[in-house]
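A, B, ... follow the sequence lines: proteins, then strands. Residue 1 opens every chain.
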Number of protein chains: 2
Amino acid sequence: MHHQIIQGDALAVLSTIPAGTAGLVIADPPYCSGGRTPTERRTQSARCKYVSGDARHKLADFPGDTRDQRSYTLWITMILLECLRASHDGASCLVFTDWRQLPATSDALQAAGWTWRGIIPWRKPINRPTRDGFRRECEYVLWGSHGQPHRHAQPIYLPGVVEGSQPRGHQRQHITQKPVDVLRQLIQICPEGGTVLDPFAGSGSAGVAARLEARGYIGIELTEHYADVARQRLTEAGT
Amino acid sequence: MHHQIIQGDALAVLSTIPAGTAGLVIADPPYCSGGRTPTERRTQSARCKYVSGDARHKLADFPGDTRDQRSYTLWITMILLECLRASHDGASCLVFTDWRQLPATSDALQAAGWTWRGIIPWRKPINRPTRDGFRRECEYVLWGSHGQPHRHAQPIYLPGVVEGSQPRGHQRQHITQKPVDVLRQLIQICPEGGTVLDPFAGSGSAGVAARLEARGYIGIELTEHYADVARQRLTEAGT
DNA sequence: AAGAATAGTGAATCTACAC
DNA sequence: CGTGTAGATTCACTATTCT
């Protein structure tokens, strides 16, 4: 079982992955949805948009969160198109998104040639209250398949909603880090012994989850800092 | 506090409602998403698509579930446009949708001039497992506001996810009936003493919920059969 | 048990610019 | 030169969960 992190731009690296490699694509792109004015979106760093308090100073920033909705749609379509090529027939694709970008992301998923299969809400127990309104309590995972979904030898039945808190304290390495428990549940959809392809590896949580679930893993990460963090965590998970 | 059911086509009746009447629009349109082919959508009745087993024979059918996605978007936009006119500044709009129509419905909500505020997943505890995939466990409620949302004198904090099973057995009057408990939670967003406008009343569950939450109610229902059922339930809820 | 954090938001204040 | 508007900046704020 092979596990690796490749440092580089997602589109550029994806084009070097041989066709039919992946059994599951799991993508957690920058949502590009924070900020209330176009200027705020363009100029504010991801740190300022999403984090308040101490974490703003302790965690490294990440780039690529400044696209407007049209170019976000185009860009994520190109990414998902390359991912389709890199995945085999029957593979699944899981894309994280927030409520604002959900429609654009579902368009991109289908434009890239994936068959849209459903939405899996990710429920986060820690979240801000909204005065005189409904809490923004969930992010969403869009599920697509490359043709007919893979039929598992041993049938599996997966949840319709996943729940889990973001890591906190010293376990938190990335501003938008996803909990490993949540990723372990999602990764079940990958055929046994298959390979998980992760074009936005970040701190590598999906790699840790893939290793724990006995799947191969290819992660792509743009920033050198996070590529290092991810390699470190991947190694630790193997021991 | 006034409660009434008007029998007629939603668009036609909405145009007779005075501007600024409603404090909350709660719309549960036919989803028009069942069936995998255009032919299946056109020819199957709602009963066949959504119900299996006994209920198929016992519950009355409902029309209007045969639009394709483009005309669905256009039609629901026109409905929501009339609803915006019929609602006052600060009013909210809650639209039920399933995962397939969520992007089209969010387009329509915004095209009609509502400000999109979020997604509230409705989690149904009773649902079918999916072999080799994720459960289809949720429907979704899109939340929009007419301008800035109403500021309640007594601040309210509403949940980010609502839960409740569809009524079963003799309590079930309509194929796509929503639980009164879920609607009671949602109706909190309506200003106190305000009026709930429901362009697709069906068996009138939203009216029952509005009455229990001390809000006024105007329901519109196309079929004579369900308009009668709704009036009956509304009367019973008042006693 | 106390403290800190939350893929934020709305209102108020301030600045720049056109008329 | 005063006025009005649009855009940018700042600040206050909320309740549950987790350390």
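Side chain of B:Arg136 to backbone of B:Arg128: no donor-acceptor contact under 3.5 angstrom is found. Under a 3.5 Å cut-off, the side chain of A:Arg67 and the backbone N or O of A:Pro30 do not form any donor-acceptor pair. The main-chain N or O of A:Thr97 is never found under 3.5 Å from a side-chain atom of A:Gln101 such that the two would form a donor-acceptor pair.
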### Secondary-structure notation, DNA chain C, from Watson-Crick and G-U pairs under 3.5 angstrom (| other strand)
.|||||.||||||||||||
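Atom NE2 in A:His170 sits about 16 Å away from atom P in D:dC18, given to the nearest Å. The CG-C1' distance, from A:Leu59 to C:dA5, rounds to 12 Å in whole Å.
In this pair, A:Tyr50 and A:Phe62 present their aromatic rings parallel. The plane angle is below 30°, not in the 30 to 60° band. Using the six-membered ring where Trp is involved, B:His150 and B:His152 have ring planes that are perpendicular, over 60° apart on the 30 and 60° scheme.
Under the salt bridge (charged side-chain N to carboxylate O under 4.0 Å, His left out) criterion, A:Glu221 pairs with no residue at all, not counting sequence neighbours. Contacts of A:Glu236 classified as side chain to side chain contact (heavy atoms under 4.5 Å, CB included), with partners at least two apart in sequence or in another chain: A:Gln232.
Nucleic acid contact for A:Pro167: none, since no nucleic acid atom lies under 4.0 Å from a heavy atom of the residue. When heavy atoms are screened at a 4.0 angstrom cut-off, A:Asp28 is found touching base atoms of the nucleic acid.
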Could you pull out the protein-nucleic contacts involving nucleotides 13-17 of chain D (nitrogen or oxygen on both sides, under 3.5 Å)?
| from | atom 1 | to | atom 2 | distance (Å) |
| --- | --- | --- | --- | --- |
| D:dT14 | O3' | B:Tyr157 | OH | 2.8 |
| D:dT17 | O2 | A:Arg168 | NH1 | 3.4 |

Between the protein and nucleotides 9-11 of chain C, list every N/O to N/O distance that falls short of 3.5 Å.
| from | atom 1 | to | atom 2 | distance (Å) |
| --- | --- | --- | --- | --- |
| C:dG10 | OP1 | B:Arg117 | NH1 | 2.8 |
| C:dG10 | N7 | A:Arg36 | NH1 | 2.5 |
| C:dG10 | O6 | A:Arg36 | NH1 | 3.0 |

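Here the closest non-hydrogen pair linking B:Tyr157 and A:Pro129 is CD2-CB, 3.8 Å.
For residues 181-203 of chain A, the pairs satisfying side-chain hydrogen bond (donor to acceptor under 3.5 Å, both in side chains) are A:Arg184-A:Glu213, A:Gln188-A:Glu213, A:Asp198-A:Tyr217, A:Ser203-A:Arg233, with sequence neighbours left out.
Across A:Leu84, A:Leu74, A:Leu11, A:Val25, a single residue satisfies side chain to side chain contact (heavy atoms under 4.5 Å, CB included) together with A:Ile79, and that is A:Leu11.
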